[in-house]
Each structure stands twice: as C-alpha cells, then as structure tokens.
Amino acid sequence: SSKQSSLTSFFKKM
Amino acid sequence: MFEARLVQGSLMKKFMEAIKDLVKEANWDCTGTGISLQAMDTSHVSLVSLLLRSDGFDPYRCDRNISLGINMESMAKIMKCASNDDVITIRSEDHPDNVTFVFESPNQEKVCDYEMKLMDIDSEHLGIPDTEYDAIISMPASEFQRICRDLSNIGDSVKITCNKDGVQFSAQGDTGIGKIALKQNAVIDKEDGQVSIELNDPVSLTFALRYLTFFTKATPLASTVTLSVSAKNPVAVEYRVDDIGYIRYYLAPKIEE
C-alpha cells in the first residue's frame, strides 16, 4: 500500500 | 488605496471556482506586481499558487502592499452574484478591515457593490524549490479533466508513468484496473489539442485523484494544462491564463510503504 506524503516535507517554510 | 478593475470579470469568477474547494481561507497579497495568493489545503498535502499580473487589470492601483485575508466560501458566494459579462473591481483602503467588490454590467446600467469583512490570517509561506523535472507533459486541459474523472471511477489514486512511448495514467481498485495511454503528437507548434512531452528521465509516480480532481476545477481558465513530474517529488499542475497570469497547484506524492 502507499501512504500520502505531506507537502511540508518537500517545501520549507520561509 | 488599492483598486483593481478586471474588464473580463468572468476570469475572477473562474479563479474563485478553481480554489474555493481546496482552500478555506487565504491572504490575497496585493503589490505593484499584481495580486498573488499561496495557500495549502487543511491537510497540507497540496498547495495552490496564483498570480494575476497588474497589467491584466485596467486600471490597477496599489499605493501600498496589502494582504486581504479572505474566507474563500464567502468570497465565492459574492462572486456568484456577478454576471459573466460584468466588469469586476476590487477595492480597499491602505489598512483595510473590509474589501469591496463592484460589479458593473457592460452597458453600466447596473452597478452592484458588495462589501466583505476581512480576516486576520496567519499564513505560512512555503519556499518552492527550483526543480529539474524528469518530465513535463502538456495536454488539453479538458483531456486531463476527463482522465481524472474516468479514473476516479476505478480507484483513489492515479499512477502517472512517463517514458519515451508517451504518458500513461492508471488506477487500481476493488473492481479492477484502468489504464489510459496518451502518445505524444508530432510537435510542430503547440496548438490546442496536442499532447507534448519533454522527457529528461523516465518517471513513475502515484497521486491522490481527489486532489487532482480539485485542480481540474481550473479547466475553464485555460485550454492547456502542464504537469511537471519528478521522481519522489510533488507534481506541479499549471494552467496559464492568457494575458493575466497563472494558477499552479502542487501535490505531494503517495509513497510506497
């Protein structure tokens, strides 16, 4: 099965 | 003060439809460059980023940079009150508590004025890194919408596979498997209706159809959509809107456990 990743693990807060 | 008059007011209605199901509230940042917005959905899986350039408005005036904190559902309700051929003006003071939307009929015989309260929104701006994408796929926006709709009948996720043969969208569910393959058309010039693929490396990634379907609400804004994919990275889904700007969505991939 696959798990939904979070966008915040790719794009960092500025 | 801030004032932006959009002759083709229907565009604002379409932009609203393209974000309201994804984002509950967001700041519309108004500067000399234009109006921009960046916001994530509540589960932080996707992000929408849009730009309406100042030269797309007539006139456009922004004396001071301001952020208009807006509840999308409320704004969408107001935008529904505008007719498709209305001219839409957005107006506010330099330190606004309210924003005013004015809808003028083409012959100016009817003028509607809606004032909406603004909110204080703590927005977290995300830095989107420059990515070398493995594949950039351009296709008719309506075709992408159709694929998302059709595969949603089969499963929750779509696997996008791009290689030298073309691009394949596939979904799997309890009832079976669905696969849609698109070949690249000969690209002489990028006319509507063509599928073009810029391939650096073969790539295969899985995404939640629920979010891609939200993105396809932008279909009325553009004839073409561009999907930029890179292994283990979010997909960028872009709709370029003639003469004014773009709406871009990012979606984090599903990762094998």
Side-chain angles (χ1 to χ4, degrees), chain A, chain B residues 22-23 27 29 36 38-49 122-131 133 155-160 170-174 204-212 214-215 228-237 248-257:
Chain A
S1 77
S2 57
K3 190 181 164 218
Q4 177 64 59
S5 60
S6 167
L7 203 62
T8 46
S9 56
F10 299 98
F11 299 165
K12 299 296 170 210
K13 282 179 197 170
M14 277 175 29
Chain B
L22 204 60
V23 175
N27 284 316
D29 297 315
S36 62
Q38 195 207 77
M40 276 190 286
D41 71 284
T42 47
S43 53
H44 292 191
V45 167
S46 69
L47 178 140
V48 57
S49 165
D122 255 344
S123 67
E124 359 176 79
H125 228 71
L126 294 182
I128 300 162
D130 282 331
T131 310
Y133 287 105
D156 298 335
S157 305
V158 60
K159 187 172 174 186
I160 303 176
S170 61
Q172 198 169 343
D174 297 338
S204 187
L205 275 164
T206 303
F207 298 99
L209 274 165
R210 171 183 151 78
Y211 289 92
L212 293 178
F214 282 142
F215 303 170
S228 302
V229 282
S230 213
K232 295 177 185 166
N233 267 302
V235 60
V237 179
R248 224 175 260 160
Y249 303 91
Y250 297 88
L251 175 61
K254 285 190 155 188
I255 291 170
E256 292 295 326
E257 281 185 300

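So that the names make sense, note that chain A is the first sequence line, chain B the second, and so on, each numbered from 1.
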Chain A/chain B interface donor-acceptor pairs under 3.5 Å:
from: A/Ser1; atom 1: O; to: B/Glu257; atom 2: N; distance (Å): 3.1
from: A/Ser1; atom 1: OG; to: B/Glu257; atom 2: OE1; distance (Å): 3.3
from: A/Lys3; atom 1: N; to: B/Ile255; atom 2: O; distance (Å): 2.7
from: A/Lys3; atom 1: O; to: B/Ile255; atom 2: N; distance (Å): 2.7
from: A/Gln4; atom 1: NE2; to: B/Ala252; atom 2: O; distance (Å): 2.9
from: A/Ser5; atom 1: N; to: B/Pro253; atom 2: O; distance (Å): 3.1
from: A/Ser5; atom 1: OG; to: B/Pro253; atom 2: O; distance (Å): 2.5
from: A/Ser6; atom 1: OG; to: B/His44; atom 2: O; distance (Å): 3.3
from: A/Leu7; atom 1: N; to: B/His44; atom 2: O; distance (Å): 2.9
from: A/Lys12; atom 1: O; to: B/Gly127; atom 2: N; distance (Å): 2.7
from: A/Lys13; atom 1: NZ; to: B/Glu124; atom 2: OE1; distance (Å): 3.1
from: A/Met14; atom 1: N; to: B/His125; atom 2: O; distance (Å): 2.8

Next item on the list: Considering non-hydrogen atoms only, spot the tightest contact between A/Leu7 and B/Leu47 and give its length.
Entry: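 In terms of heavy atoms, the two residues are closest at CD2-CB, 3.2 Å.
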Check: If every non-hydrogen atom of A/Phe11 is compared with every non-hydrogen atom of B/Gly127, which pair is closest and at what distance?
Finding: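 Reported closest heavy-atom pair: CB-O, 3.6 Å.
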